[in-house]
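Predicted model, so just to flag it, every value in this text is computed and none were measured.
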Amino acid sequence: MDLQSWDNVISIASNSVTALGVVGGIVFGGSKLKDYLDVKKNDVAFHTALALYDEITNTRAKYIQIRISLNYVMNILDELYKNNINISPNLYFQIQEVGSNAFQNSMSIGNLFIKTNNFNIIFKSESFSKVQDIVSITNKISVNLTNFFACAINSSKGKLISKEDLSELFQHYRDYEALTTEYLDKCSEIQKTKFEDFITFK
């Protein structure tokens, strides 16, 4: 074999080794990437489940703040009714902003619950029914807040507040009180469950 032939053999062998190395690297790299993504996904799933677990307790304080907001709006409209005056543009938009913030805060548990499903989190036996009850109540509270602020805004838009408007508003407020009381009862049940007994992963 002359020098040129030997050089050709070496080149072919070298290219084959390089090709195998590239293929091996892709396979190995792909495997490592999958492992990395699985670890990251499990990490996000864990923190999402923990966030939901904590949010169920933290929402109690949010509902207290929302109740203060409802009282604030009712006092504004009651004063307008007593003084027989129309609402100012500033107060009108203020009520809208308060309503938007209250609604967003009421949606936090529902949003986290959806996220847990996206990351294949499984609630353990009794925990699932408890969480379902919690989510159901928070959804009802969100609807209740929508109704409350729709009533507050519509009753004051371009007209004087009537006694009937205040009566309807107060009924929504009573409904809110009943729903949040029910929420507190369900929240107490969740608090009795340790986090490790709360969820698992697929």
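The shortest side-chain heavy-atom distance between Thr138 and Ser106 does not fall under the 4.5 Å cut-off. A heavy-atom distance below 4.5 Å is not found between the side chains of Ile95 and Tyr72. By the 4.5 Å heavy-atom criterion applied to side chains, Ile137 and Lys140 are not counted as neighbours. A heavy-atom distance below 4.5 Å is not found between the side chains of Tyr63 and Asn105. For the pair Gln104 and Asn101, the minimum side-chain heavy-atom distance is 4.5 Å or more. Phe113 places none of its side-chain heavy atoms less than 4.5 Å from the side chain of Ile134.
A distance of 9.0 Å separates CD in Glu168 from CG in Asn154, rounded to the nearest 0.5 Å. Note: Asn144 CG to His172 NE2 = 7.5 Å, rounded to the nearest 0.5 Å. Remark: Thr59 OG1 to Ile66 CD1 distance equals 8.5 Å, nearest 0.5 Å. Taken to the nearest 0.5 Å, the CG atom of Asn71 stands 3.5 Å off from the OH atom of Tyr173. Here the OG1 atom belonging to Thr146 is positioned 12.0 Å from the CD1 atom belonging to Ile141, to the nearest 0.5 angstrom. Taken from CG in Leu145 to OG in Ser69, the straight-line distance is 9.5 Å, to the nearest 0.5 Å.
No donor-acceptor contact under 3.5 angstrom links the side chains of Glu79 and Asn75, judged on distance only.
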Under 3.5 Å, sequence neighbours excluded: what are the donor-acceptor pairs made by side chains of residues 180-190?
residue, atom, partner, partner atom, Å
Thr180, OG1, Arg67, NH2, 3.3
Thr180, OG1, Tyr176, O, 2.9
Thr180, OG1, Glu177, O, 3.0
Thr181, OG1, Glu177, O, 2.8
Tyr183, OH, Ile56, O, 2.5
Ser188, OG, Leu184, O, 3.0

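When each of Leu166, Asp165, Ile161 is checked for a side-chain contact (heavy atoms from CB on, under 4.5 Å) with Leu80, only Ile161 meets the rule.
By the rule that hydrophobic residues join a cluster once side-chain heavy atoms approach within less than 4.5 Å of another member, Phe170 and Leu179 end up as members of one cluster. Note on Ile85 and Ile153: same hydrophobic cluster, where clusters join Ile, Leu, Val, Met, Phe, Trp and Tyr whose side-chain heavy atoms are under 4.5 Å apart, directly or indirectly. Under the 4.5 Å side-chain heavy-atom criterion for Ile, Leu, Val, Met, Phe, Trp and Tyr, Phe149 and Met107 are members of distinct hydrophobic clusters.
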Problem - Check against side-chain contact (heavy atoms from CB on, under 4.5 Å), Leu160 and Tyr81 - result: CA-CA 7 Å; Leu160 295 172; Tyr81 170 72; over 6 Å; no

Problem - Asn147 and Val143: CA distance, side-chain angles, deciding distance, side-chain contact (heavy atoms from CB on, under 4.5 Å) verdict - result: CA-CA 6 Å; Asn147 292 337; Val143 172; 3.8 Å; yes

Practice task
Give the intermediate values and the outcome of side-chain contact (heavy atoms from CB on, under 4.5 Å) for residues Leu77 and Ser155.
Solution key: CA-CA 9 Å; Leu77 298 184; Ser155 63; 4.2 Å; yes

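Looking at every heavy atom in both residues, Ser156 comes nearest to Ile87 through O-CG2, 3.2 Å. The two atoms that bring Phe148 and Met74 nearest to each other are CZ-CG, 3.7 Å, heavy atoms only. Smallest separation of non-hydrogen atoms from Leu169 and Ala152: CD1-N, 3.8 Å.
Residues satisfying the side-chain hydrogen bond (donor to acceptor under 3.5 Å, both in side chains) criterion with Asp78, sequence neighbours excluded, are Lys82.
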